[in-house]
Number of protein chains: 2
Amino acid sequence: MTVEVTETTTAVPPELACPIAPVVDIVFSRWTTPILWALNEYGRHRFVELERRITTITPKVLTQRLRQLERDGLVVRTYHPEVPPRVEYEITDLGRSLGPLFATLAEWSGNLDKVEQARVDYDAKSRPRSRRP
Amino acid sequence: MTVEVTETTTAVPPELACPIAPVVDIVFSRWTTPILWALNEYGRHRFVELERRITTITPKVLTQRLRQLERDGLVVRTYHPEVPPRVEYEITDLGRSLGPLFATLAEWSGNLDKVEQARVDYDAKSRPRSRRP
DNA sequence: ACCGTCACTTTCCTCTAGGTACCTACTAGC
DNA sequence: GCTAGTAGGTACCTAGAGGAAAGTGACGGT
């Protein structure tokens with residue numbers, strides 16, 4: 001009975017085990033979600049604008065993530081050699097193709113209260129270590 | 001002109017800036033994706049089965065992530081007090097409701113070659129620092 | 001002469017997620 | 001008596017991500 005399962009599990013290559021993992025790495029690595037969301041939802045942004053929108057991000061990390069997204073072809077960077085310098089970040093067509101994904105995510109966020117309820121229930125069952133002193 | 005943009009960016013609360021961030025934290029935190037994918041795609045799994053399927057995960061982390069997913073109501077744990085002990089993990093209805101999300105993800109993974117191409121192009125443009133010694 | 005702005009870059013430092021390794025209880029099998 | 005197998009728990013340790021803060025360079029304003 002379990003032999004069959006064992007057989008299949010041993011035969012599966014590491015990466016092929018989950019074909020969506022690479023996508024998750026690209027799109028949902030730390031900080032990339034709010035950046036892509038902002039650019040997708042509100043259009044072009046300057047560096048400081050992104051910094052101010054995502055209030056808790058530091059300029060170093062923002063730069064890192066923007067470079068990464070630019071390299072992955074999800075964002076375009078436009079440099080205007082003015083004074084003071086001006087840089088604009090825009091989402092690409094490839095980035096915009098994530099729209100449905102974001103929509104599905106936003107839709108599912110309606111289930112967040114169920115998650116919250118599940119957490120409350122779970123904590124209620126396993127937390128009370130203070131019971132029976 | 002830019003005044004309008006500045007106005008909107010300063011007025012946005014930290015978390016509300018990106019409504020999908022909480023969902024991402026729950027569903028796409030490290031290791032949760034392959035676990036949920038496995039349970040959603042191939043049904044019930046025992047601990048060792050998951051361990052063998054996701055070859056690179058350590059038992060400690062697997063336990064952590066499974067507890068987290070159980071707490072969030074995405075996974076059910078069933079303990080059979082046999083000898084040797086047997087535990088089965090199954091996806092819940094709430095977890096199964098992520099199906100469309102995974103489908104969208106899997107669909108988008110067709111764009112991975114575009115990402116790869118973008119990376120090649122980007123590296124070709126900015127890498128050659130060896131030019132002009 | 002100095003301040004402020006923009007878009008970063010650099011240095012230093014902290015913190016924690018995750019890895020390694022060993023331990024548990026229980027029984028069957030040799 | 002020793003080992004194997006299951007489903008973890010626990011203690012220790014390290015690498016690397018990310019935070020804090022200061023610097024840069026060109027210029028416009030006062």
Side-chain angles (χ1 to χ4, degrees), chain A residues 1-3 5-7 9-10 14 21 24-26 28-35 38-39 44-71 75-90 122 126-127 129, chain B residues 1-3 5-7 9-10 14 21 24-26 28-35 38-39 44-71 75-90 126 129:
Chain A
M1 274 179 158
T2 55
V3 180
V5 180
T6 308
E7 197 188 349
T9 50
T10 51
V24 173
D25 281 348
I26 292 166
F28 299 120
S29 67
R30 194 106 221 266
W31 291 117
T32 51
T33 315
I35 295 174
L39 294 178
R44 242 178 316 173
H45 278 68
R46 306 182 52 170
F47 189 85
V48 274
E49 287 169 4
L50 281 171
E51 209 176 345
R52 286 201 264 260
R53 187 180 287 280
I54 311 162
T55 53
T56 51
I57 200 170
T58 62
K60 176 190 154 188
V61 177
L62 181 55
T63 305
Q64 283 178 352
R65 289 296 95 93
L66 284 170
R67 287 290 126 77
Q68 176 191 320
L69 291 170
E70 191 194 356
R71 191 173 106 98
V75 160
V76 244
R77 185 185 114 112
T78 319
Y79 178 75
H80 304 269
E82 308 166 358
V83 164
R86 190 161 58 91
V87 175
E88 287 185 324
Y89 294 94
E90 209 167 346
Y122 183 93
S126 39
R127 275 293 70 199
R129 304 208 190 281
Chain B
M1 273 179 160
T2 55
V3 180
V5 180
T6 309
E7 197 188 349
T9 51
T10 52
V24 173
D25 282 348
I26 292 167
F28 299 119
S29 67
R30 193 108 221 267
W31 290 117
T32 52
T33 315
I35 295 174
L39 294 178
R44 244 178 315 174
H45 279 68
R46 307 183 53 172
F47 189 85
V48 274
E49 288 169 3
L50 281 172
E51 209 176 345
R52 287 201 264 260
R53 186 180 289 280
I54 311 162
T55 53
T56 51
I57 199 169
T58 62
K60 176 190 154 188
V61 176
L62 180 55
T63 306
Q64 284 178 350
R65 289 295 95 92
L66 284 170
R67 286 292 124 79
Q68 174 192 321
L69 291 170
E70 190 194 357
R71 190 173 106 98
V75 159
V76 246
R77 185 185 115 114
T78 317
Y79 177 75
H80 305 269
E82 309 166 358
V83 164
R86 190 162 57 91
V87 176
E88 287 184 324
Y89 294 94
E90 209 168 346
S126 40
R129 302 206 191 282

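Here is the naming used below: chain letters follow the sequence lines, and residue numbers restart at 1 for every chain.
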Trainee: Rounded to the nearest angstrom, tell me the gap between atom CZ in A/R65 and atom C1' in C/dC8.
Mentor: 16 Å

Trainee: Are A/R46 and C/dT5 close enough that a side-chain N or O sits under 4.0 Å from OP1 or OP2?
Mentor: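 It does not, given that no N or O in the side chain of A/R46 lies less than 4.0 Å from OP1 or OP2 of C/dT5.
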
Trainee: Give the rounded distance in Å between these two atoms: CG of B/L50 and C1' of D/dT6.
Mentor: 14 Å

Trainee: Flag the pair A/L39 / A/L69 as yes when at least one side-chain heavy-atom distance between them is below 4.5 Å, and no otherwise.
Mentor: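 A side-chain contact is absent here, since even the closest heavy-atom pair is not under 4.5 Å.
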
Trainee: Between A/F28 and B/F28, how do the two ring planes meet: parallel, tilted or perpendicular, split at 30° and 60°?
Mentor: parallel

Trainee: Nearest nucleotide by nearest heavy atom, which residue falls closer to the 5' end of DNA chain C, A/P84 or B/P85?
Mentor: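 It is A/P84 whose nearest nucleotide is closer to the 5' end.
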
Trainee: Quick one: on DNA chain D, does A/V61 or B/V87 contact a more 5' nucleotide (nearest heavy atom)?
Mentor: B/V87

Trainee: Within the pair A/T58 and D/dG19, is there a side-chain N or O less than 4.0 Å away from OP1 or OP2?
Mentor: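 Affirmative; the distance criterion is met.
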
Trainee: Mind calculating the distance between CD1 (A/I54) and P (D/dG19) to the nearest angstrom?
Mentor: 12 Å

Trainee: Any side-chain N or O of B/R30 below 4.0 angstrom from OP1/OP2 of C/dT16?
Mentor: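 The answer is no; no side-chain N or O of B/R30 sits under 4.0 Å from OP1 or OP2.
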
Trainee: Rounding to an integer number of Å, can you tell me how far A/Q64 CD sits from C/dC8 P?
Mentor: 13 Å

Trainee: Rounding to a whole Å, what distance do you find between B/H80:NE2 and C/dC26:C1'?
Mentor: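 The distance from NE2 of B/H80 to C1' of C/dC26 comes to 17 Å, rounded to the nearest Å.
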
Trainee: Please check the phosphate of D/dG9 (OP1 and OP2 only) for any side-chain N or O of B/R67 closer than 4.0 Å.
Mentor: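 B/R67 to D/dG9 OP1/OP2: side-chain N or O found under 4.0 Å.
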
Trainee: Does any non-hydrogen side-chain atom of A/L62 lie less than 4.5 Å from one of A/W31?
Mentor: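 They are not in side-chain contact.
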
Trainee: A/R86 has an atom CZ; how far is it from atom C1' of C/dT5, in whole Å?
Mentor: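 Nearest whole value for this atom pair: 14 Å.
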
Trainee: Just by distance, with hydrogens left out, do A/R65 and A/Q68 show a side-chain donor and acceptor under 3.5 Å apart?
Mentor: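 A pair is found: one side chain offers a donor N or O, the other an acceptor, under 3.5 Å apart.
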
Trainee: Which heavy atom of A/R52 sits nearest to which heavy atom of A/T55, and what is that distance?
Mentor: O-CG2, 3.2 Å

Trainee: Has the side chain of B/K60 got a donor or acceptor atom sitting under 3.5 Å from an opposite partner on the base of C/dG19?
Mentor: yes

Trainee: Nearest to the side chain of B/R52, heavy atoms from C-beta on, is which of D/dC27, D/dT6, C/dC8?
Mentor: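 Among the listed nucleotides, the one closest to the side chain of B/R52 is D/dT6.
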
Trainee: In whole angstroms, how far is the P atom of D/dG19 from the CG atom of A/L62?
Mentor: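 Value for this atom pair: 11 Å.
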
Trainee: Could you state the atom-to-atom distance from CD of B/E51 to C1' of D/dT6 in whole Å?
Mentor: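 For the pair B/E51 CD and D/dT6 C1', the rounded distance is 10 Å.
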
